[in-house]
Amino acid sequence: MQRYNPKDIEPKWQAQWEADKIYQASDESTKPKKYVLEYFPYPSGAAMHVGHVRNYTIGDAIARYNRMKGFNVLHPMGWDAFGLPAENYAIKNNVSPRVAIDENTKRFKEQLMQMGFSYDWSREIDSTDPKYYKWTQWFFLMLFNKGLAYQKESLQWWCPHDKTVLANEQVENGRCWRCGHVVEKKLLKQWFFKITDYADRLVEDLEDLDWSEAIKSMQRNWIGRSKGAEIDFKVDGSNETLTVFTTRPDTLFGATFMVVAPELEVAKSITTAEQKDAVEAYVQEAQAKSDIERQETNREKSGVFTGAYATNPVNGAKVPIWIADYVLAGYGTGAIMAVPAHNERDFDFAKKFDLPIVRVVQNDAADDEFTHAEGTMINSGDYDGVASQEAREKIVIDLAKTEAGKEVVNYKMRDWLISRQRYWGAPIPIIHCPKDGAVAVPEDQLPVVLPEIESYEPSGDGRSPLANVPEFVNTICPKCGGPAERETDTMDGFACSSWYFLRFADPHNDQAPFDPEKAKKWLPVDDYIGGAEHAVMHLLYARFWTKVMYDEGLINFQEPFKTLRNQGMILAPDGSKMSKSKGNTIEPGVLIDQGYGADTVRIMELFLGPWNQAAAWSVEGMGGANRFLQRIWTLVQEFSESDGGTAESPELQKIVHKTIKKVSADLHVLSFNTAIAALMECLNELYRIKAEDKYASVEWQWALESMLQLLAPFAPHIAEELWEQLGQEGSIHTSEWPAYDEKYLVEDTLTIAIQVNGKLRGEVQIAADATEDEAVNAAKANDKVAGYLKGQTIRKTIYVAGKLVSFVV
RNA sequence: GCGGAUGUGGUGGAAUGGUAGACACGCUAGUUUUAGGAACUAGUGCCGCAAGGCGUGGAGGUUCAAGUCCUCUCAUCCGCACCA
């Protein structure tokens with residue numbers, strides 16, 4: 001008898017599948033399409049571990065299942081290969097990032113291949129290939145021409161370690177998302193994409209997406225839309241007006257002071273002579289604080305009085321203007337009306353500096369505390385007695401009459417800063433002309449190719465290494481033909497990944513980013529599988545680009561990813577996070593070499609628990625997964641060597657049909673762990689039946705083949721090998737998913753549970769077609785139950801057909 | 001503080017309001033001339049000799065019946081955070 005040896009069969013079938021091109025998606029097929037996509041990986045220097053591989057295993061099971069269900073499946077793979085790690089590696093080892101990335105990509109591809117994933121490799125893409133980034137640049141120009149890409153000088157996050165600016169989304173707790181260094185603010189002229197123009201649509205369209213509530217709420221939170229009003233306060237003895245944003249215009253009568261962020265110019269200009277020194281000292285002190293210090297919550301409030309006063313437009317009251325760093329320059333107007341009775345921060349500030357606190361909304365909160373709650377207006381002139389929700393609207397309407405206020409919507413999200421002062425990225429296709437300003441590189445001159453250079457070290461002066469390459473920089477203006485300079489910054493890598501899912505529909509097109517007809521055929525992505533770490537970066541950016549493309553008429557859909565599936569993280573066996581630095585990663589390649597094989601790893605990835613929940617890797621569990629496949633192997637070998645027989649086995653029919661039903665239903669809702677459990681149960685049953693009966697060859701052949709088909713999405717190699725051994729021609733992976741027939745699932749007898757007063761007291765066998773009376777009588781006849789019913793009056797009898805009888809006494 | 005999620009045996013986890021613990025790991029006992037990180041059989045929620053009782057983070061409630069529905073509460077994890 002042949003032994004199950006994954007090392008023999010897995011490479012063999014991988015080569016065969018590749019030769020037969022069975023996973024290639026067809027642009028011509030008339031079968032319904034299914035686009036299954038896993039986020040394309042960054043080919044890093046480190047090997048993939050079982051956590052990364054879970055992502056691909058889930059996607060592959062979905063792709064394979066759908067293929068067998070008769071869909072024309074697009075399941076592509078590519079490389080998101082621009083970015084800092086490759087460049088830093090290149091600097092350290094003095095090799096070109098190109099060379100480093102090519103090596104990593106080759107290794108990554110081998111690792112994916114040895115797992116037996118069913119990718120259509122004919123569509124492989126690489127974001128660092130000029131044939132690809134030509135079109136990333138093309139999209140940049142589209143945004144530029146639509147006024148959605150612009151340059152602006154402003155204070156921006158700067159990572160001193162990576163020596164580049166970062167987008168807001170890429171700063172996590174005041175630290176660089178890549179290297180973890182504390183970031184600084186630097187005044188620089190940078191390129192932005194105007195994602196804020198799409199803020200409303202990005203919030204509203206979340207509604208219809210089949211995404212987890214967690215990711216949706218992260219995006220909503222990040223966009224941070226809040227409805228409110230802008231209200232103008234005139235500064236006394238000056239032409240200045242301070243405009244504030246508030247979500248609670250109803251509390252306007254309770255505004256007893258104002259606060260301006262230290263960064264605002266107006267903070268200095270309105271300051272009186274007496275307060276000048278104090279204000280300057282405070283502003284300096286505030287700017288010296290790191291952002292991490294400033295962001296610490298529960299910090300003691302600090303601030304300084306400007307000496308100036310403003311007039312509350314609603315009642316003419318004079319309110320002092322203060323400067324304090326609890327007001328952020330970057331949100332709203334950078335100035336607030338402070339209502340200490342109804343806002344915690346204002347309350348703390350008023351307490352500290354002894355400013356007046358006036359309650360204007362009456363509710364059941366204590367007098368000496370602040371309250372956000374709604375209530376009835378008091379101390380608010382004509383609005384007294386009105387409900388606060390109502391007053392909120394009325395006050396804004398009344399202010400609008402004198403143009404002292406208006407309704408506005410505010411967002412926390414800022415525009416997406418996309419320029420990077422680094423080498424390894426797609427060059428921004430802009431030429432700076434002294435006469436014509438920023439000019440787009442004409443389309444026929446794309447791509448602007450990233451030149452090979454000597455030193456990848458960033459200068460740190462705010463310019464990329466490309467600035468040191470005169471042949472690259474010096475050019476002529478496409479408009480006037482005069483001497484001009486190329487933009488030397490490169491694009492954020494997230495620009496490349498904002499449209500890659502479209503390129504897979506038409507990966508080799510050199511006339512356009514994609515053929516609209518092909519995009520129409522394949523997109524949107526039906527199942528997008530990836531980690532939650534992309535919640536407010538990639539997933540937001542890609543949605544934004546998609547909407548821009550839709551507006552431009554390039555595509556016919558507004559959301560790129562209909563269904564998003566966030567797989568749960570795989571933790572180390574001790575429950576801690578797996579990381580290269582901790583040295584606790586588990587690599588599939590190592591497990592495969594140990595003899596478990598890719599199929600065992602794949603089974604384990606899915607059997608560990610629900611696919612969307614975190615789970616600790618289990619070393620012992622590997623044995624169980626492997627044993628399961630061993631037992632299937634052995635059963636098929638024993639069958640093949642048996643003489644066969646003619647005895648029929650209704651039991652065999654029943655268990656296999658039942659399993660087909662269960663596995664199909666589970667796969668439909670991605671319940672992989674229970675699908676595999678059902679296969680294990682089926683296998684246990686088959687062994688039991690085998691031990692009792694002789695083989696009935698026709699039925700056994702069918703039973704084993706069906707079981708292998710159900711196994712195929714999870715363990716494709718062993719399924720394919722045994723499929724062949726059973727005499728089948730053609731790949732199991734292009735075979736038709738087995739169907740079940742309800743007629744085999746019908747039971748002759750049923751076990752009915754019997755409850756007395758809600759407690760389980762026994763069970764009884766009845767015929768499947770027993771009437772209610774027969775079932776109830778059988779239940780009463782049960783010895784135990786009879787004991788509980790003796791001498792009692794049955795007040796109520798409930799019969800749940802085929803399930804239970806419940807007596808109430 | 002705001003938002004999202006999760007709480008079930010020794011462990012990972014199963015359960016359309018209807019027999020809680022499927023499946024697997026681990027453990028216990030046994031079988032096999034068993035080199036192995038084997039294979040097979042039986043058992044395994046807790047208390048109890050048993051009958052029985054108790055059990056899904058906690059407290060209430062609805063129901064003949066609650067892990068599942070409702071109210072309150074506790075704990076853990078994740079995201080955001082002086083956002084007006």
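The figures that follow rest on heavy atoms only: side chains count, while hydrogens, waters and symmetry mates do not. Protein chains get the first letters and strands the later ones, always in sequence-line order, with residue 1 at the start of each.
- Side-chain contact annotation: A:Tyr411 with A:Asp200, donor-acceptor N/O pair under 3.5 Å present.
- A:Ser226 and A:Tyr331 are linked by a side-chain donor-acceptor pair at a separation below 3.5 angstrom, with hydrogens and angles left out of the test.
- A:Tyr4 and A:Gln637 share no donor-acceptor pair across their side chains, judged by distance under 3.5 Å alone.
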Would you mind building the protein contact string for nucleotides 61-76 of chain B? One character per nucleotide, 5' to 3', B for base within reach (heavy atoms under 4.0 Å), S for sugar-phosphate only, - for untouched. ---BS-----------
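- For a distance-only test at 3.5 Å, the side chain of A:Tyr799 fails to qualify as a donor-acceptor partner of the base of B:G18.
- Contacts of A:Arg631 with the nucleic acid, taken as non-hydrogen atoms under 4.0 Å apart, involve only primed sugar atoms and P, OP1 or OP2.
- Proximity of A:Asn673 to the phosphate of B:A14: a side-chain N or O atom is located under 4.0 Å from OP1 or OP2.
- Rounded to an integer number of Å, the gap from A:Phe672 CZ to B:A14 P is 13 Å.
- Pairing analysis of RNA chain B (Watson-Crick: purine N1 to pyrimidine N3 plus N6-O4 or O6-N4; G-U wobble: N1-O2 and O6-N3; both under 3.5 Å) yields stems of 3 or more pairs at B:1-7 with B:74-80, B:10-12 with B:23-25, B:26-31 with B:39-44, B:45-47 with B:52-54, B:57-61 with B:69-73.
- Using a 4.0 Å heavy-atom distance criterion, A:Glu681 is classed as a sugar-phosphate-only contact.
- B:G10 adopts an anti glycosidic conformation, its chi angle falling more than 90° from 0.
- Within the 4.0 Å cut-off from OP1 or OP2 of B:A51, not a single side-chain nitrogen or oxygen of A:Arg761 is found.
- Between A:Trp322 and A:Phe353, the ring planes are tilted. Angles from 30° to 60° get that label.
- The residue A:Tyr596 sits close to a base: some heavy atom pair falls under 4.0 Å.
- Of the N and O atoms on the side chains of A:Asp232 and A:Thr241, not one donor lies less than 3.5 Å from an acceptor on the other residue.
- Residue-level contact check: A:Asn684 touches the backbone only, with heavy atoms under 4.0 Å from sugar-phosphate atoms and none from bases.
- Ring pair A:Phe494/A:Trp177 is tilted by interplanar angle, where 30° to 60° counts as tilted.
- The distance from atom CG of A:Leu571 to atom P of B:U6 is 17 Å, rounded to the nearest whole Å.
- Atom CD of A:Glu533 is separated from atom P of B:C80 by 13 Å (rounded to the nearest Å).
- Between A:Asn343 atom CG and B:A84 atom P the separation is 9 Å, expressed in whole Å.
- The closest side-chain heavy-atom distance from A:Met218 to A:Leu539 is not below 4.5 Å.
- In terms of phosphate contacts, A:Arg627 brings no side-chain nitrogen or oxygen within less than 4.0 Å of OP1 or OP2 of B:A38.
- Side-chain N/O atoms of A:Arg248 include none lying less than 4.0 angstrom from OP1 or OP2 on B:A84.
- Listed pair A:Ser217 / B:G79 fails the phosphate criterion, with no side-chain N or O lying under 4.0 Å from OP1 or OP2.
- Salt-bridge formation is not detected for the pair A:Lys658/A:Glu685: no Lys NZ or Arg NE/NH1/NH2 atom is positioned less than 4.0 Å from an Asp or Glu carboxylate oxygen.
- Rounded to whole Å, the distance from CD1 on A:Ile655 to P on B:A22 is 16 Å.
- Residue A:Lys301 places a side-chain atom within donor-acceptor reach of the base of B:C82, judged by atom type and a 3.5 Å distance cut-off alone.
- Side-chain atoms of A:Glu169 and A:Trp222 include a donor-acceptor pair closer than 3.5 Å.
- There is no side-chain donor-acceptor pair under 3.5 Å between A:Ser671 and A:Asp666.
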